[in-house]
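Just the heavy atoms: all of them, side chains too, but no hydrogens, waters or symmetry mates, feed the values below.
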Amino acid sequence: QVQLVESGGGLVQAGGSLRLSCAASGRTFSSYGMGWFRQAPGKEREFVAVINWSGGRTYYADSVKGRFTISRDNAKNTVDLQMNSLKPEDTAVYYCAAQGGGSVYLRSREYDYWGQGTQVTVSS
């Protein structure tokens, strides 16, 4: 079993940056693919970024490509999301998720474990 605890959300002006962190428990963290999703009020949960078990493969939603960077440190059991050039449309609750297959998955239903979410608000 994997438990995920997220941190780093907050309020930032458009054009600013935030770094989200997700700390995981469990013996097999290094074998999990890790994803970030977000959900704005009134909208469905949306894929943001994913990184495979080794960190050697990543994939980003078109809306964040070039601005966000996902990374992981298996020795520390953490996965981060560096968010630069933030826009008001990035405002959402951001969730960390783990997938036991270890690869790149884009659908929420493919993930096995979820963090509690952290609020990101970008003002204009």
Side-chain angles (χ1 to χ4, degrees):
Q1 187 177 46
V2 175
Q3 290 185 312
L4 308 173
V5 180
E6 302 169 352
S7 62
L11 175 64
V12 64
Q13 289 192 157
S17 298
L18 284 174
R19 188 176 184 90
L20 306 183
S21 295
C22 177
S25 65
R27 297 182 181 183
T28 59
F29 171 79
S30 62
S31 69
Y32 281 76
M34 299 295 298
W36 286 95
F37 293 77
R38 66 188 183 186
Q39 187 168 23
K43 297 183 179 180
E44 291 191 329
R45 192 165 296 184
E46 174 189 23
F47 168 78
V48 176
V50 61
I51 188 166
N52 79 330
W53 67 273
S54 69
R57 184 178 298 175
T58 60
Y59 189 83
Y60 298 89
D62 288 343
S63 59
V64 306
K65 189 175 182 179
R67 300 188 297 120
F68 291 11
T69 303
I70 188 170
S71 61
R72 69 189 298 160
D73 187 337
N74 288 344
K76 297 180 179 179
N77 283 9
T78 58
V79 59
D80 291 353
L81 185 69
Q82 178 66 46
M83 305 185 295
N84 298 327
S85 301
L86 283 162
K87 305 174 181 180
E89 50 262 47
D90 294 319
T91 296
V93 177
Y94 283 71
Y95 298 90
C96 176
Q99 210 288 324
S103 190
V104 174
Y105 297 92
L106 308 183
R107 298 176 181 268
S108 297
R109 64 189 181 190
E110 295 172 318
Y111 285 78
D112 304 304
Y113 304 100
W114 292 84
Q116 80 285 356
T118 185
Q119 177 71 47
V120 172
T121 302
V122 184
S123 62
S124 60

K.L.:
Apply salt bridge (charged side-chain N to carboxylate O under 4.0 Å, His left out) to Arg57 and list each qualifying residue two or more places apart in sequence or on a separate chain.
P.N.:
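Arg57 satisfies salt bridge (charged side-chain N to carboxylate O under 4.0 Å, His left out) with no residue once adjacent residues are dropped.
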K.L.:
For Glu46, which residues count as a salt bridge (charged side-chain N to carboxylate O under 4.0 Å, His left out) partner, sequence neighbours excluded?
P.N.:
Arg38
K.L.:
Within a 6.0 Å radius of atom OH on Tyr105, are there more than 12 heavy atoms belonging to other residues, nucleotides or ligands?
P.N.:
yes
K.L.:
Which pairs count as disulfide (SG to SG under 2.5 Å) when at least one residue sits in residues 56-87, sequence neighbours excluded?
P.N.:
none
K.L.:
Just by distance, do the side chain of Asn74 and the backbone of Asn77 share a donor-acceptor pair under 3.5 Å?
P.N.:
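No.
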K.L.:
Would you compute the distance between atom CG of Leu106 and atom OH of Tyr111 and round it to the nearest 0.5 angstrom?
P.N.:
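One gets 6.5 Å once the value is rounded to the nearest 0.5 Å.
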K.L.:
So does Gly35 get a backbone contact from the side chain of Gln99, meaning a donor-acceptor N/O pair under 3.5 Å?
P.N.:
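Side chain of Gln99 to backbone of Gly35, a donor-acceptor pair under 3.5 Å: no, none is there.
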K.L.:
Among pairs that include at least one residue of residues 3-46, which meet disulfide (SG to SG under 2.5 Å), considering only residues two or more places apart or in two chains?
P.N.:
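Applying disulfide (SG to SG under 2.5 Å) to every pair that reaches into residues 3-46, excluding sequence neighbours, yields Cys22-Cys96.
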K.L.:
With ILVMFWY side chains joined below 4.5 Å, transitively, what does Met34's cluster contain besides itself?
P.N.:
Val2, Leu4, Val12, Leu18, Leu20, Phe29, Tyr32, Trp36, Val48, Ile51, Tyr60, Val64, Phe68, Ile70, Val79, Leu81, Met83, Leu86, Tyr94, Tyr113, Val120, Val122
K.L.:
Can you name the side-chain hydrogen bond (donor to acceptor under 3.5 Å, both in side chains) partners of Ser30, sequence neighbours left out?
P.N.:
none
K.L.:
Which heavy atom of Ala14 sits nearest a heavy atom of Ser124, and at what distance?
P.N.:
CB-CA, 4.4 Å
K.L.:
Mind checking what makes ring pair (Phe, Tyr, Trp, His ring centres under 6.0 Å) contact with Phe47, not counting sequence neighbours?
P.N.:
Phe37
K.L.:
Which disulfide (SG to SG under 2.5 Å) pairs, counting each pair once, include a residue from residues 37-69, with sequence neighbours left out?
P.N.:
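Of all non-adjacent pairs touching residues 37-69, none passes disulfide (SG to SG under 2.5 Å).
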K.L.:
Any side chain to side chain donor-acceptor pair (under 3.5 Å) involving residues 17-26? Give me the pairs, sequence neighbours left out, ordered by first then second residue.
P.N.:
Ser17-Asn84, Arg19-Asp80, Arg19-Gln82, Ser21-Asp80
K.L.:
With salt bridge (charged side-chain N to carboxylate O under 4.0 Å, His left out) as the rule and sequence neighbours excluded, what pairs involving residues 66-76 come up?
P.N.:
Arg67-Asp90
K.L.:
Less than 4.5 Å apart, any side-chain heavy atom of Thr91 and any of Gln119?
P.N.:
yes
K.L.:
Hey, is CD on Gln3 packed in by over 12 heavy atoms from elsewhere, all under 6.0 Å?
P.N.:
no
K.L.:
Apply salt bridge (charged side-chain N to carboxylate O under 4.0 Å, His left out) to Arg107 and list each qualifying residue two or more places apart in sequence or on a separate chain.
P.N.:
none
